[in-house]
Amino acid sequence: MLLRTILAATTVAATVLLVPAAAQAAAEPAAPPATATVATAAQRAAAAAADPVIVVGGLSGISIAYEPIAARLRADGYRVSIFQLPNLGLGDIRESARALSSYVDRVRATTGASRVDLVGHSEGGLVSRWYVKYLGGAATVDQYVSLGSPQYGTYVANLVAVLGLGSCAGVIACQQMTIGSSFLADLNAGDDTPGPVRWATVRTWQDELVRPVDNAVLADGATNILVQAWCPLRVVGHLGLVLDGTTYTVVRQVLSGAAIQPNCFAV
């Protein structure tokens with residue numbers, strides 16, 4: 001009876017952490033919603049000539065979940081593709097980073113670009129960082145933007161680890177995202193922001209999966225943006241970081257090298 005109770009609690013907690021993004025994203029329109037700031041023709045031309053952008057998905061996030069932000073970027077002129085984590089990101093983050101490395105090589109070969117920009121959501125930000133730091137990505141990545149990535153872990157993963165019989169119910173990526181994990185110790189050893197890459201993070205106070213939310217911040221010269229520092233009344237959840245208009249204005253400003261001035265009224 002006790003084991004059944006533990007397993008039931010594990011299932012509930014794992015569902016919270018691994019909630020499929022597609023269920024919510026499927027209700028989103030394929031076309032980007034209108035925003036209060038629209039890219040000019042000159043801005044679209046500059047975006048078209050800029051590095052290709054790869055949106056790196058998160059844990060349990062299938063590609064369609066990231067179509068809203070990809071569609072916004074395409075509408076603004078960027079060349080965009082979506083990298084869905086192998087096995088939906090349930091496995092070793094280091095293996096996902098190796099798969100990302102191969103994907104970046106294919107994008108560069110297809111587009112003729114020497115470098116790419118990475119926009120990683122949640123676990124995707126950790127995958128991207130491992131690629132840059134340990135797999136040669138510093139030579140191929142120009143700009144890195146993470147959206148709600150648990151750079152220093154999340155207590156939610158620690159909770160799931162406890163409820164999941166001490167092992168996150170066998171989900172390796174969850175184990176690696178626990179605060180104090182050996183994976184994060186390796187990832188965060190030394191410089192947070194190695195190489196010539198321009199680093200930026202975006203976080204929100206209402207992130208229900210990255211707690212404490214400041215664990216989504218990088219040191220060593222990164223540009224760290226808290227949505228509510230600019231827009232105190234803006235409510236953005238974890239998945240909302242890839243759906244929210246204000247957050248998108250930040251992503252676009254980072255990618256274009258513009259000053260960070262979020263549009264608090266963008267939809």
Any chance the side chains of [X] and [Y] put a donor and an acceptor closer than 3.5 Å?
{"X": "Thr178", "Y": "Asn158", "value": "no"}
{"X": "Asn215", "Y": "Gln151", "value": "no"}
{"X": "His238", "Y": "Ser122", "value": "yes"}
{"X": "Gln176", "Y": "Ser181", "value": "no"}
{"X": "Tyr103", "Y": "Ser81", "value": "yes"}
{"X": "Ser149", "Y": "Glu123", "value": "no"}

Lys/Arg N to Asp/Glu carboxylate O, [X] vs [Y], below 4.0 Å:
{"X": "Asp244", "Y": "Arg234", "result": "yes"}
{"X": "Glu67", "Y": "Arg74", "result": "yes"}
{"X": "Asp192", "Y": "Arg129", "result": "yes"}

Point to revise | Within 6.0 angstrom of Tyr155 OH, more than 12 heavy atoms from elsewhere | key: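 Not buried by this count: 12 neighbours or fewer within 6.0 Å.
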Practice item. Could you tell me which residues satisfy ring pair (Phe, Tyr, Trp, His ring centres under 6.0 Å) with Trp199, sequence neighbours excluded, listed by chain and number? Key: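 Counting only residues at least two positions away or on another chain, Trp199 forms a ring pair (Phe, Tyr, Trp, His ring centres under 6.0 Å) with Tyr144.
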Would a 4.5 Å heavy-atom cut-off, applied to side chains only, mark [X] and [Y] as touching?
{"X": "Leu59", "Y": "Leu88", "answer": "no"}
{"X": "Val132", "Y": "Thr140", "answer": "no"}
{"X": "Leu135", "Y": "Trp130", "answer": "yes"}

